[in-house]
Participant: 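There's a structure below that I have some questions on.
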Amino acid sequence: MGIKTMNFISTRNKNIYSSLAEAIRLGMPEDGGLYVPEYLPKVNLDALASVANYSEFAALVLKDFFAGDVLAEQLSTLCQKAFDFSMPLEKINDNTFMLELFHGPTLSFKDFGARFLAECFNVLSQNKKMTILVATSGDTGSAVAAAFYRKNVNVIIFYPAGKISPRQEQQITCWDENILALAVNDNFDDCQHIVKSAFNDPWWQTKLNLSTANSINIGRLLPQITYYAYTSLKFFQAHQVQPGFIVPSGNLGNVTAAYWAKLMGFPLREIVIASNANRVISDYLASSQYQPRASLQTLANAMDVGNPSNFERLNYLFDSFKLFKENVQAFSVTDEEIKKSIKDFYQRYQKIICPHTATACSVRNQLSEKPWIVVATADPCKFETAIESLLQQKIAPSPQLQAMLSRPSHAINVSNKMDDIKKLIEGYFKKS
Ligand SMILES: *Cc1c(COP(=O)(O)O)cnc(C)c1O
């Protein structure tokens, strides 16, 4: 039997499609939609049941998505290099478990996607050096910087000067060589605007061979399927019952990967979206009107999204309101509930959770007695300012974070004027 090549089609038009490598390189299809796999391959659970090694398991789960692509031959190596940290499933009580996805180098689940994408770009960039642009207000910037450091790709990170916490800033600026961190004298929306304008500007395109590592890139989403696949199957083998998953969500990338895993046939009983006060999905489910809006600032700031970019992918999966409502559940949690959740969890289990994870724990209490896996998206020591005053204790940085805090910082301040930014970039990468 020949291998069927997997194409990646636009959510807006199935006649616009790319190979996987091209979809990763372009980031977005030309019609402004998002890339999705043309079909979700059905999994053979029996073949996976005996595979214990995570990166081996992941390569098998992703195999059909890579079929016929230039990256296919490298898939096992990509998985081995990207997934080299632990992923414990902790038992909280008889019917609640916590999947800790924050043991990678920058202490959030974004390490899975960023590290995998960096390995893909490292291969794709062999012939012609590429430059990745990222606008960030937090975890994405640090995950991408750490993942791409000393790879064969240049990275420019734009972040809003003075608008992120000192620990967050240090995680973005503690790199050098191929990573350039620019503190833009403006807010996050302007950083995003700079990146968007760069993509439409021939100067950038010809000089720098641009691509992006934001969560719309399919190369960040596919690897996230693998932890839902692995965890649900191992859980089912151990307990003979399917777990539900509660996913703290902002741009809905992580939860989209969970739906893909379920539709591939992995034993995820049901999936629940936990949001902070940015309640665009719960409001949609209640009103049938989808209304994106400006984001609200909350304690779970990595989820402060009013117009989630991956809604388009979820809506492609469940393309009528009726289907969407049958398949998607969402709960919104206020800052007061997040605080209560962090405190209660600590009192009950002597375990500190981050504000994002706390949204999912709060939702857990509103659900059935069936078994649930709460997805823990970040290490609490990344969000010490929110937690320390609540619990009346200091939170020490983990060893990975301490290592980053001890490196020299290389932030470069820049105005939001395109000409100033271009001059600076030209000088910087000439040296290296
Ligand atoms: C990015 C992030 C989220 C939200 O994930 P999405 O894929 O955007 O829904 C949740 N928690 C943490 C800690 C994050 O960094």
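These numbers come from the heavy atoms of this one structure, side chains and all, not from hydrogens, waters or symmetry mates. Order of appearance sets the numbers: ligands from 1, and atoms from 1 within every ligand.
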Participant: Does Leu252 reach ligand 1, in the sense of a heavy atom lying below 4.0 Å from it?
Facilitator: yes
Participant: Before accepting this row, confirm whether a basic side-chain N of the pair Arg293/Asp283 lies closer than 4.0 Å to the acidic partner's carboxylate O.
Facilitator: yes
Participant: Can you pull out the closest protein heavy atom to atom 4 (C) of ligand 1? Residue, atom name and distance to 0.1 Å, please.
Facilitator: Gly250 N, 3.6 Å
Participant: Do Gln224 and Asn254 pair up side chain to side chain, a donor and an acceptor below 3.5 Å, judged on atom types alone?
Facilitator: yes
Participant: Check this for me: does any side-chain nitrogen of one of Arg115 and Asp111 sit under 4.0 Å from a carboxylate oxygen of the other?
Facilitator: no
Participant: Looking only at protein heavy atoms, which one is nearest to atom 2 (C) of ligand 1, and how far off is it?
Facilitator: Lys110 NZ, 2.4 Å
Participant: Please indicate whether any nitrogen or oxygen in Ser108 is less than 3.5 Å from any nitrogen or oxygen in ligand 1.
Facilitator: no
Participant: Who's the nearest protein heavy-atom neighbour of atom 10 (C) of ligand 1, and how far?
Facilitator: Met303 CG, 3.5 Å
Participant: Taking the ring of Phe324 and the ring of Phe311, is the distance between their centroids below 6.0 Å?
Facilitator: yes
Participant: Numbering the atoms of ligand 1 from 1, which are under 4.0 Å from a heavy atom of Ser249?
Facilitator: 9 (O)
Participant: Yes or no on side-chain hydrogen bond (donor to acceptor under 3.5 Å, both in side chains) for Asp31 and Ser10, after CA distance, side-chain angles and deciding distance?
Facilitator: CA-CA 8 Å; Asp31 64 352; Ser10 168; 2.8 Å; yes
Participant: Would Lys339 and Glu336 pass as an ion pair if we require N to O under 4.0 Å?
Facilitator: yes
Participant: State plainly whether the residues Lys163 and Glu169 are in salt-bridge range, i.e. N to O under 4.0 Å.
Facilitator: no
Participant: Are the ring centres of Tyr17 and Tyr35 closer than 6.0 Å?
Facilitator: no
Participant: Note the single closest protein heavy atom to atom 12 (C) of ligand 1, along with its residue, its atom name and the distance in Å.
Facilitator: Thr377 OG1, 3.5 Å
Participant: Nearest heavy atom to atom 8 (O) of ligand 1: which of Asn251, Thr357, Asn254, Val305 does it belong to?
Facilitator: Asn251
Participant: As an exercise, identify every atom of ligand 1 less than 4.0 angstrom from a heavy atom of Phe109.
Facilitator: 1 (C), 2 (C), 3 (C), 5 (O), 7 (O), 10 (C), 12 (C), 14 (C)
Participant: Of all the atoms in ligand 1, which lie at a distance below 4.0 Å from a heavy atom belonging to Ala378?
Facilitator: 13 (C)
Participant: Does the N or O separation between Gly253 and ligand 1 drop below 3.5 Å for any pair?
Facilitator: yes
